[in-house]
Amino acid sequence: MRLAVYPGSFDPITNGHIDILEKTSKIFDRIIIAVIHNVTKQALFSLDERVELIRESTGHLDNVEVDCFSGLLADYVRTKSACAIIRGLRTVSDFEYEMHMAMMNKRLVPEVDTLFAMSDSNYIFVSSSAVKEAALLGGDVSSLVPPVVVRGLKEKLCGR
Ligand code: COA
């Protein structure tokens, strides 16, 4: 069983993340999307909300599931007996940070490799922060995030 972990904040999940999942779910038998519980990063969506948005957005991918983690990613992937960590690469500027993270994780958990998937050119400019900022300022983000996230953003931002 080839199990991979796709970690991130996913605040919220975007079509860029879905694109990475659609590609990599063909390679692995099972993928766990691991949503980080990061107390130092101020999130728009709560952990439970992020998990629910991911669940609803990835229903078409049979071998993809969602979980949460805190602490070291290396510890989490070891407890799951994963063989790989998935990361998306959008532009060259992602590379340096990602390379350092991959090397550190390899040192911490040598049996697990990081697999990089290239983002589709439609999504290389997409980030969760950019989506939130555009939505907050009244921009139409419906081509960048799943419909359930569009609704979630509207509900969040109406209350502000
Ligand atoms: N499409 C669209 N957006 C993407 C994307 C893609 N393919 N890939 C990344 N992004 C966006 C994310 O939405 C995020 O946007 P934001 O900064 O506006 O929120 C941004 O790129 C950065 O993403 P990422 O690098 O995945 O950061 P993250 O905070 O989501 O997750 C962890 C980073 C969780 C993987 C990392 O911090 C971690 O492993 N933490 C655990 C502690 C640990 O083990 N530390 C040692 C690591 S060596």
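When a ligand or atom number is given, it counts from 1 through the structure's own listing order.
Atom 7 (N) of ligand 1 has its nearest heavy-atom neighbour, among Ser119, Ala117, Gly88, Ala74, in Ser119. Of all the listed residues (Arg90, Met104, Met101), Arg90 holds the heavy atom that lies closest to atom 21 (O) of ligand 1.
For ligand 1 and Ser129, the ligand atoms under 4.0 Å from any heavy atom of the residue are 16 (P), 17 (O), 18 (O), 19 (O). Within ligand 1, counting atoms from 1 as listed, the ones closer than 4.0 Å to a heavy atom of Ile20 are 7 (N). For ligand 1, the atoms closer than 4.0 angstrom to any heavy atom of Thr14 are 2 (C). Under a 4.0 Å criterion applied to the non-hydrogen atoms of Ser127, ligand 1 contributes the atoms 3 (N), 15 (O), 18 (O). Near Ser9, with a cut-off below 4.0 Å to any heavy atom, the atoms of ligand 1 are 28 (P), 29 (O), 30 (O), 31 (O).
Contact annotation: for Leu73 versus ligand 1, heavy atoms closer than 4.0 Å belong to both the backbone and the side chain. If you look at Leu72 next to ligand 1, the close heavy atoms, those under 4.0 Å, come from the backbone and the side chain alike. Neither the backbone nor the side chain of Tyr123 has any atom closer than 4.0 Å to an atom of ligand 1 (non-hydrogen atoms only).
The shortest contact between atom 3 (N) of ligand 1 and any protein heavy atom is with Val126 O, 3.1 Å. When only non-hydrogen protein atoms are considered, atom 42 (C) of ligand 1 lies nearest to Gly71 O, 3.4 Å. Scanning the protein for heavy atoms near atom 37 (O) of ligand 1, the closest one is Tyr97 OH, 4.2 Å. For atom 13 (O) of ligand 1, the closest non-hydrogen atom on the protein side is Ser128 OG, 2.8 Å. Protein heavy atom closest to atom 38 (C) of ligand 1, with residue, atom name and distance, is Ile36 CD1, 4.4 Å. For atom 12 (C) of ligand 1, the closest non-hydrogen atom of the protein is His17 NE2, 3.7 Å. The protein heavy-atom contact nearest to atom 31 (O) of ligand 1 is Gly8 CA, 3.4 Å. Ranking the protein heavy atoms by distance from atom 23 (O) of ligand 1 puts Arg87 NH2, 4.4 Å first.
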Apply side chain to side chain contact (heavy atoms under 4.5 Å, CB included) to Arg30 and Arg2, showing your working. CA-CA 6 Å; Arg30 195 175 146 217; Arg2 288 163 305 163; over 6 Å; no

Yes or no on salt bridge (charged side-chain N to carboxylate O under 4.0 Å, His left out) for Asp11 and Lys41, after CA distance, side-chain angles and deciding distance? CA-CA 10 Å; Asp11 182 40; Lys41 202 170 169 182; over 6 Å; no

Ile31 and Thr24: CA distance, side-chain angles, deciding distance, side chain to side chain contact (heavy atoms under 4.5 Å, CB included) verdict: CA-CA 8 Å; Ile31 294 178; Thr24 52; 3.5 Å; yes

Could you give me the CA-CA distance, side-chain angles and deciding distance for Arg55 and Glu65, then say whether salt bridge (charged side-chain N to carboxylate O under 4.0 Å, His left out) is met? CA-CA 7 Å; Arg55 216 164 257 147; Glu65 60 198 79; over 6 Å; no

Take Lys80 and Asp67 through the salt bridge (charged side-chain N to carboxylate O under 4.0 Å, His left out) test and state the conclusion after the steps. CA-CA 11 Å; Lys80 294 290 167 187; Asp67 191 17; 3.7 Å; yes

What's the verdict on side chain to side chain contact (heavy atoms under 4.5 Å, CB included) for Ser128 and Thr14, showing C-alpha distance, side-chain angles and the deciding distance? CA-CA 7 Å; Ser128 299; Thr14 69; 3.9 Å; yes

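Contact check for Thr58 versus Ile33: side-chain heavy atoms found under the 4.5 Å cut-off.
Ring centroid separation for the pair Phe69 and His37 does not come in under the 6.0 Å cut-off.
Residue His100 places no heavy atom under 4.0 Å from ligand 1.
Side chain to side chain, Asp48 and Ser46 fail the donor-acceptor criterion of an N or O pair below 3.5 Å. One side chain, Thr91 or Ser93, offers a donor N or O that lies under 3.5 Å from an acceptor on the other. For the residue pair Asp140 and Ser142, a side-chain donor N or O sits within less than 3.5 Å of a side-chain acceptor on the partner.
The environment of Met104 atom CE is sparse: at most 12 non-hydrogen atoms of other residues, nucleotides or ligands sit within 6.0 angstrom.
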